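Structure first, then comments.
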Amino acid sequence: MDLKLEKISISYSDWKMENLSFFVKSGSFTSIVGPSGSGKTTLLRLIAGIEKQEEGKIFFGKKEVTLKPAEERNIGFVFQNDSLFSHLNVYENIAFGLKIKKEKNIFEKVKDTLAIVQLTGFEKRKVTELSGGEKKRVAIARALAFNPSILLLDEPLNGLDAKLKETMKVFLKKLQKKINLTMVMVTHDIDEAFFLSDSIIVMNNGKIEQKGNPIEIFSNPKSLFVKKFVSDYTLVEAKKKTKNGKTFFEGKFVVNAKSKGKMFVNFKKSNYKFI
Amino acid sequence: MGKNNGFGIIAKIILLLFGVVFFFYPLAVLFFRTIFLTLNFSLFLEIISANSHLIWNSFYQAGVSTFVSVLIGVPAAYLLVKRDFFGKKILKAFSYIPFVFPSILVVISFVIIFGNNGWINSFLKSSFGLGHIQFIYGFQGIILAHAFYNFPIIMHFVSNAFENLDVSMKEAARTLGANKLQVFFKITLPQIMPSLLSGALLVFIYCFMSFAIVLSFGGVQFSTLEVEIYKQISRNLNFTVGSVLALVQFFILFVVAVIFHYFSSKKIITTKKYFEKVKKLNPFSIRGFIEVSFLILLFAFIFLPLLSLILFAFFDFSTMQFTFSSFEKIFLSDQSGLGLSAISSIGYSLFLAFFSAAVATLTALIAAFRKNQSFIIATFVSSTIAISIMTLGFGYYLGFGSGNLIIIGFGHAILAFPFAYRIIKNSLNRIDVECIEVAHTLGANNFQVFKFVQLPRIKKAIFVSIAFSFAISLAELGLVLLLYDGVFATMPVYVYRLLSTFDLHAAAAMGVILISISFLCFYAVEYFSDFEVVV
């Protein structure tokens, strides 16, 4: 489902967001990136209906949801700290939304959702006894179970260890391809955003600094702020080639450095992006 | 503390002696004495069935008191967490009142306010010409006084739970389609339930073994196990019935205490939290109006008793003038006709309070520093919460015979021990383990770690513990009344005697002195730290 924000304004005592608009295409993965205090989480909470904007309109597809409370928007929200219901087990957590919405075949739906997040058989587990990654996946399952129109993720990879982070990154990417759901993720990590997103929104101090696909953001930063944000990275373009029946990618990587001798470069698999 | 150094061994022996001699031994004597007295089990059952109404009364009275305390305590907790209002700090500070405010003074102030010739009845009579309403004598009086006395415990437990509740959990429920009502019943309520239940069980325990209030308001028609034990021992000298009832009560309370510990261990502590937004009270909406009215009633409920004591101590209603005559009466001459000396009462009380505060804090300190929490310490702490004064007192009577002030002092220390222990233990637990390990790597031995790392951090807790134990001992009536009545009349005993002569002014005067000492003691602690009650 398309998502459209139109001239959204909200202000707190010492901070404000004014006339913010953007559009997210149905089935795409969008990341909202920015430092803390940039307003990215507030934006996500506005979309969810947890926070109320002072002015502006929000559309899900063609339907305006501006005045609807969170419980009527049919969105999935994955909270930064998981916010699993500690008095309920895994099954009850995931079934929560289904029960409230009085859906049928709850048992099967929970089972299917658990399969999607690769936690088959975890129904009876206590959520307090899960590992960090498992908790995160239960939180995602809970948000997915009732077929939400849009999935909102607030720093979903935060607090996971480096290895798990990579695994979850790949997991999210596969998930999005599999269920073809509109997903909006908030993160302070441009790395994650590059790998996962079709489109990136860079925010600073309540304003959108730049919006575009990851390649654009990295190769053509429009402002000093965005430039600083991506300056640690070097984007290498590699072209597909075939030699002796083998397919591979080849690119050129130039480094200006004075040091003599050998040089090693470490590429992370999750930093490749195919277009 | 140390592993095998002399200091550690001495400390261990002190704790062991304290627990064995002044807790387990008297209880064991009581236990075997009861078995010996009722060798034929049928006598045991006979006594129980003849007194079954007392067991029912205790349950019924404690149950209703708990229910009413919950009805007042939960909304109070809600407002405490979610609203900003004048006097919030005072309401919060009121949390520790139940532990240190002498119940006999609750009795006095309720007689002044709600008694047959009390303020409310006088007002009804003069304004509407109504006959007096029976507020306090009988069941309803017990419930009213217990609610006043115990709702702060519920308020304390539940407001802590509200504060610890992760707000994003509620937001998550909203995004999953739950409306406000569903969020409350499916998220908030189940989350605070363990705290509510453990608060309620603690109140139940306190009401079940409540002594002064039931003794004064229950009269002839309504009695409970605790009061009956006292009557059987001190008035009827029927030790067989007394000891059977004491044993029955001990086992009931022990079971409730075990359930209490189960729920209090289930209390949810969230680490990452998003705080609830605190709103200002707005009296101009219907909801706000209800909230403000509730708070006004609550503050009246809290402060009227205190105010009534002060007025009765300093004000002569016949001449409408402030006067010190009540104080003169108790100090200068024995016009109270009790044959008791106010000065020596204060002396006895202060001695007991200092002695028991020192013993309770020292032993609590030793227990808190035990590295491996042995089963015995855990049992000791839980059972000291659930031990009723009369059970303990009867055990002392059987175990030590006619003792002296020192024995009572140890008894008071037993009563204060669980509080002292929790206060110190909680403070000790807050010290990062790594801090201690770092100190060791920097070359500090156990004693140096204690002196330079732990002691400075728990200093405040030690002061709080002393003040708490001190106040608990000052407020304690039952043990002295049972064991050494007439010989060592402490301040609460003095007040109790004045109550029976209906000299409310003199009783209030003594009450004001008692509260002032407690207050001074806590003020001194406030001066050192801003402390919080930890139960």
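Since the structure is predicted, the reported quantities are computational estimates derived from the model, not experimental observations.
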### Query
After noting the C-alpha distance and the side-chain angles of A:Lys57 and A:Glu6, does the key distance pass the salt bridge (Lys or Arg N to Asp or Glu O under 4.0 Å) rule?
CA-CA 5 Å; A:Lys57 290 174 178 175; A:Glu6 237 177 51; 5.1 Å; no
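Taking the six-membered ring for Trp and thresholds of 30 and 60 degrees, B:Phe59 and B:Phe208 have ring planes more than 60 degrees apart, a perpendicular arrangement.
Relative to the ring axis of A:Phe85, A:Arg142 places its NZ or CZ within 45° and under 6.0 Å from the centre. Figure legend: A:Lys4 and A:Phe23 shown without cation-pi pairing, the cationic atom not lying both under 6.0 angstrom from the six-membered ring centre and within 45 degrees of its axis.
With a 4.5 angstrom heavy-atom cutoff, A:Pro148 does not touch chain B via any of its atoms. Using a 4.5 Å cut-off between heavy atoms, B:Glu171 contacts chain A through both its backbone and its side chain. Interface remark: A:Leu84 contributes backbone atoms only to the contact with chain B (heavy atom separation under 4.5 Å). Neither the backbone nor the side chain of A:Glu92 comes within contact range of chain B; no heavy atoms are under 4.5 Å apart. Proximity to chain B (any heavy atom under 4.5 Å) is restricted, for A:Ile50, to the side chain, taken from C-beta onward.
A:Asp189 and A:Thr187 are not linked by any side-chain donor-acceptor pair at a separation below 3.5 angstrom, with hydrogens and angles left out of the test. Checking B:Ser65 against B:Asn150 by side-chain atom types alone, no donor-acceptor pair falls below 3.5 Å.
For the set B:Asn179, B:Val183, B:Ile187, B:Leu176, the count of heavy-atom pairs under 4.5 angstrom toward chain A peaks at B:Leu176.
With salt bridges taken as basic N to acidic carboxylate O contacts below 4.0 Å, none links A:Arg125 and A:Glu129. Using a 4.0 Å cut-off between charged side-chain N and carboxylate O, A:Lys25 and A:Asp2 make no salt bridge.
B:Val453 and B:Ala439 make their closest contact through CG2-CB, 3.8 Å (heavy atoms, listed as atom of the first residue, atom of the second, distance).
Chain B is approached within less than 4.5 Å, heavy atom to heavy atom, by A:Gly97, A:Ile100, A:Lys101 from residues 97-112 of chain A, ordered by number.
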